[in-house]
Asks: 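I am attaching a structure below and will ask some questions about it afterwards.
Numbering of residues begins at 1 and proceeds along the displayed sequence.
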Amino acid sequence: MSADVMRVRLHLRGVRVTEVVVDTPTELVVGVVSIKKLSGCPGCGRSCWRVHDRRRRQVRDLEISGRRTVLLWILRRFVCDWCGKRHMETHPQFVGSITRRLARRLVQDAQVMSIQAVSRRHLIMGLVTD
């Protein structure tokens with residue numbers, strides 16, 4: 001490992017960092033995967049292990065050392081051997097396109113700040129376009 005390679009610990013339960021994609025003074029982009037091997041089928045309720053394909057989803061997280069942080073979650077699409085249905089994996093740490101801890105912080109900030117101030121603080125308006 002060279003001296004300029006950075007290791008990242010996100011402190012997100014059930015998530016493993018696979019790579020650091022971007023590491024600049026203003027932005028950190030980190031590749032992550034779920035450590036769960038199985039997924040429950042929403043159709044029949046049985047455990048699925050066969051992966052049909054993988055997709056990449058951007059998930060915003062809290063800033064790390066003042067840098068905007070984006071997780072590139074490689075989520076799996078499972079196919080159930082019992083009922084044949086396909087479904088995307090879910091993760092308890094992610095809610096839509098943000099982490100649960102960022103969602104909690106947004107709610108906390110909105111209780112004491114204006115929505116415009118919260119938006120500026122977390123660059124919410126730039127969530128998709130930046």
Asks: Report yes if the side chains of Leu10 and Ile64 come closer than 4.5 Å at any heavy-atom pair, otherwise no.
Replies: yes
Asks: Quick one: pull up CG in Asp109 and OG in Ser119 and give me the separation to the nearest 0.5 Å.
Replies: 11.5 Å
Asks: Minimum heavy-atom separation for Gly66 to Glu63, with atom names?
Replies: CA-OE1, 3.7 Å
Asks: Same cluster or not: are Val107 and Leu102 linked, directly or through other Ile, Leu, Val, Met, Phe, Trp or Tyr residues, by side-chain heavy atoms under 4.5 angstrom apart?
Replies: no
Asks: Would you give the length of the straight line joining atom OG of Ser34 to atom CD of Glu89, rounded to the nearest 0.5 angstrom?
Replies: 5.0 Å
Asks: Are Arg9 and His11 packed together at the side-chain level, in the sense that at least one heavy-atom pair is separated by less than 4.5 angstrom?
Replies: yes
Asks: Checking the side chain of Glu19 only, and the main-chain atoms of Gly31 only, is there a donor and an acceptor separated by less than 3.5 Å?
Replies: no
Asks: Are more than 12 heavy atoms, taken from residues, nucleotides or ligands other than Arg54, located less than 6.0 Å from that residue's CZ atom?
Replies: no
Asks: For residues Arg77 and Arg55, report the shortest heavy-atom separation together with the two atoms involved.
Replies: NH1-NH2, 2.8 Å
Asks: Check Thr18 against Val32 and note the closest heavy-atom contact, atom names and distance.
Replies: OG1-N, 3.9 Å
Asks: Indicate the atoms forming the closest heavy-atom contact of Ala110 with Ile115, along with that distance.
Replies: CB-CD1, 4.1 Å
Asks: Do Leu28 and Leu12 land in one hydrophobic cluster if side-chain heavy atoms of ILVMFWY residues count as linked below 4.5 Å?
Replies: yes
Asks: Identify which one of Arg101, Arg104, Arg105, Arg67 satisfies the salt bridge (Lys or Arg N to Asp or Glu O under 4.0 Å) criterion when paired with Asp61.
Replies: Arg101
Asks: Within this structure, what is the CG-OG1 distance for the pair Asp23 and Thr26, rounded to the nearest 0.5 Å?
Replies: 10.0 Å
Asks: Any chance you could measure Leu75, atom CG, to Arg56, atom CZ, to the nearest 0.5 Å?
Replies: 11.0 Å
Asks: Any sub-3.5 Å donor-acceptor pair from Arg100's side-chain atoms to Pro92's backbone N or O?
Replies: yes
Asks: Mind checking whether His87 and Phe78 have parallel, tilted or perpendicular rings, split at 30° and 60°?
Replies: parallel
Asks: Are any of the side-chain heavy atoms of Trp73 and Val15 separated by less than 4.5 Å?
Replies: no
Asks: Look at the side-chain heavy atoms of Ile, Leu, Val, Met, Phe, Trp and Tyr, link any pair under 4.5 Å apart, and say whether Val17 and Phe94 land in one connected group.
Replies: yes
Asks: Between Val51 and Met88, is there shared hydrophobic-cluster membership here, with clusters defined by ILVMFWY side-chain heavy atoms closer than 4.5 Å?
Replies: no
Asks: Do Val59 and Ile35 share a hydrophobic cluster (ILVMFWY, side-chain heavy atoms under 4.5 Å, transitive)?
Replies: no
Asks: Hey, is the main chain of Lys36 close enough, under 3.5 Å, to the side chain of His91 for a donor-acceptor pair?
Replies: no
Asks: Side-chain contact, heavy-atom cut-off 4.5 Å: Gln58 with Leu71?
Replies: no
